[in-house]
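For reference, the structure is listed below as structure tokens.
Keep in mind that what you see is a predicted model, and the values were worked out from it rather than measured.
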Amino acid sequence: MSDTNSPLIEAPKSRGRAIAIAVVVLAVVAGLLVFAFTRGGGAGDDLTKVRLGTVGASDPYWKTLTEEAEKEGIDLEVIDFADYAQPNPALTEGEIDINQFQHIVYLADYNVANDQDLVPVGATAIYPLGLYSQKVDSVDEIKDGDTVIVPDDDSNQARGLLILQSAGLIKLKDGGSIFSTLKDVDEDASKVKVKAIKADLTPTSLPDVTAAIVNNDFVEKAGLKFEDAIAQDDPSDPNAVPYINVFAVRAEDKDNETYAKLIEIYQNSQKVLDGVQDVSGGTAQLLKTPAADLQASLADVEADTRARG
């Protein structure tokens with residue numbers, strides 16, 4: 001028989017302490033979760049990640065674009081490539097999400113040659129392409145038989161040859177087009193000899209030749225000044241549309257809202273645009289050409305390229 005005067009049995013003290021500790025731990029975890037969701041946890045936790053490929057990622061305006069994009073919810077990582085041959089294959093293979101380094105003619109040539117369908121979704125600018133020299137101060141000083149260098153990639157080679165023809169240094173057999181190559185140079189009717197090398201090597205060739213066509217990306221990096229060009233093309237010419245530099249993506253991403261937002265930031269941020277002009281030496285003709293117009297131009301150039309193939 002039980003003793004009616006016995007005290008009630010107490011819960012073990014150790015169990016009571018465990019429960020108390022568990023309650024405190026849960027409260028702390030809940031507090032941390034609230035902090036993470038309300039304060040963002042760490043930089044980039046709530047941002048949409050975008051990997052962009054370019055040639056010349058060290059240009060200061062890319063850092064500015066990254067900062068401006070973060071304000072709008074985009075965690076932009078800019079991937080630097082050593083030369084023009086790399087960003088399109090990287091985009092095709094999904095190593096990057098978007099690239100910005102090329103004009104429409106270059107993109108068309110890549111698509112046709114590799115049976116791909118990369119698409120331009122935003123414009124940046126047209127940059128005049130220039131002829132530079134360390135040996136003469138004007139085209140008039142170039143002598144018969146002198147050697148001039150042009151880039152070896154098809155699109156920039158054609159553009160360079162057209163500049164040389166406009167400067168009276170060569171004559172192109174077909175009158176010249178965006179498809180002109182060294183084979184189209186009428187050597188007997190031309191003043192100079194023309195050779196082609198990789199675009200990034202054209203500035204380093206200057207000590208060995210009379211003049212060279214140097215792409216904008218490499219002008220200042222080679223210690224040259226844009227205003228020292230002894231000849232250049234006219235970026236305001238309507239026929240220059242195929243040379244508009246563009247943002248490009250895979251076809252399935254052409255309507256991606258995040259990429260469209262990134263392009264809008266680029267085109268409308270005065271800090272970014274000022275940076276682009278600084279790098280171009282004030283030569284860039286900044287553009288907001290609609291994506292549909294860029295894509296129409298690409299289709300035309302691709303069709304012409306296939307027809308010539």
Side-chain angles (χ1 to χ4, degrees), residues 54-65 83-84 100-103 105-106 123-143 146-151 153 155-170 176 191-192 194-245 266-267 269-287:
T54 190
V55 177
S58 61
D59 291 336
Y61 70 83
W62 286 117
K63 183 175 185 295
T64 303
L65 178 62
D83 61 56
Y84 296 141
Q100 195 281 294
F101 75 101
Q102 65 193 323
H103 47 54
V105 177
Y106 190 96
T124 60
I126 288 182
Y127 301 91
L129 190 62
L131 178 67
Y132 294 84
S133 176
Q134 292 179 348
K135 297 183 177 180
V136 300
D137 295 322
S138 71
V139 170
D140 294 337
E141 296 179 31
I142 297 177
K143 301 175 182 178
D146 282 352
T147 299
V148 176
I149 296 293
V150 296
D153 59 274
S155 57
N156 286 308
Q157 181 176 141
R159 192 178 180 190
L161 292 173
L162 290 171
I163 293 171
L164 298 185
Q165 178 169 258
S166 296
L169 297 175
I170 65 170
K191 184 177 182 179
V192 300
V194 185
K195 294 183 179 180
I197 62 175
K198 290 183 64 176
D200 59 324
L201 297 179
T202 57
T204 59
S205 73
L206 286 172
D208 304 315
V209 298
T210 302
I213 296 290
V214 181
N215 287 25
N216 267 41
D217 287 340
F218 307 118
V219 171
E220 291 190 325
K221 293 179 177 64
L224 302 171
K225 296 180 180 180
F226 293 101
E227 59 266 28
D228 291 337
I230 59 176
Q232 64 181 24
D233 57 5
D234 181 6
S236 65
D237 187 331
N239 294 322
V241 171
Y243 293 108
I244 293 175
N245 279 249
Y266 181 102
Q267 293 178 342
S269 168
Q270 195 58 51
K271 291 182 180 179
V272 173
L273 298 179
D274 289 345
V276 173
Q277 285 291 19
D278 285 344
V279 170
S280 75
T283 64
Q285 182 175 334
L286 302 169
L287 300 168

Exercise: identify the closest heavy-atom pair between Asp208 and Lys135: C-NZ, 4.0 Å
Counterpart residues, side chain to side chain contact (heavy atoms under 4.5 Å, CB included), relative to Thr210 (two or more places apart): Val136, Ile142, Asp146
Leu206 CG to Leu201 CG distance, which is reported to the nearest 0.5 Å: 11.5 Å
Thr54 side-chain N/O to Gly56 backbone N/O, donor-acceptor pair under 3.5 Å: no
Euclidean distance, Ser280 OG relative to Tyr61 OH, rounded to 0.5 Å: 9.0 Å
Backbone N/O of Asp153 and side chain of Tyr84: donor-acceptor pair under 3.5 Å: no
Kindly list each side-chain donor-acceptor pair under 3.5 angstrom involving residues 124-132, sequence neighbours excluded, with atom names and distances?
residue	atom	partner	partner atom	Å
Thr124	OG1	Asn245	O	3.1

Whether Tyr266 and Trp62 hold their rings parallel, tilted or perpendicular, with breakpoints at 30° and 60°: tilted
Sidechain-backbone polar pair: Gln267 side chain, Ala123 backbone, donor-acceptor under 3.5 Å: yes
Side-chain (Lys195) to main-chain (Val148) donor-acceptor, under 3.5 angstrom: no
Worked check of side chain to side chain contact (heavy atoms under 4.5 Å, CB included) between Asp233 and Leu162: CA-CA 8 Å; Asp233 57 5; Leu162 290 171; over 6 Å; no
Nearest-0.5 Å distance, NZ of residue Lys198 to CG of residue Asn215: 12.5 Å
Without placing hydrogens or testing angles, list every side-chain donor-acceptor pair under 3.5 Å for residues 218-226, not counting sequence neighbours.
residue	atom	partner	partner atom	Å
Lys221	NZ	Asp59	OD1	3.4
Lys221	NZ	Asp217	O	3.1

Close side-chain approach of Ser205 and Ile197, heavy atoms under 4.5 Å: yes
Considering all heavy atoms, the nearest Pro151-Gln157 contact: O-CB, 3.1 Å
Shortest non-hydrogen contact between Thr283 and Gln277, atoms and distance: N-OE1, 3.7 Å
Nearest atoms (heavy-atom pairs only) where Val139 meets Lys191: O-NZ, 4.4 Å
Residue pair Asp137 / Ile230, side-chain heavy-atom distance below 4.5 Å: no
Donor-acceptor contact present, side-chain Thr202 to main-chain Ile213, <3.5 Å: yes
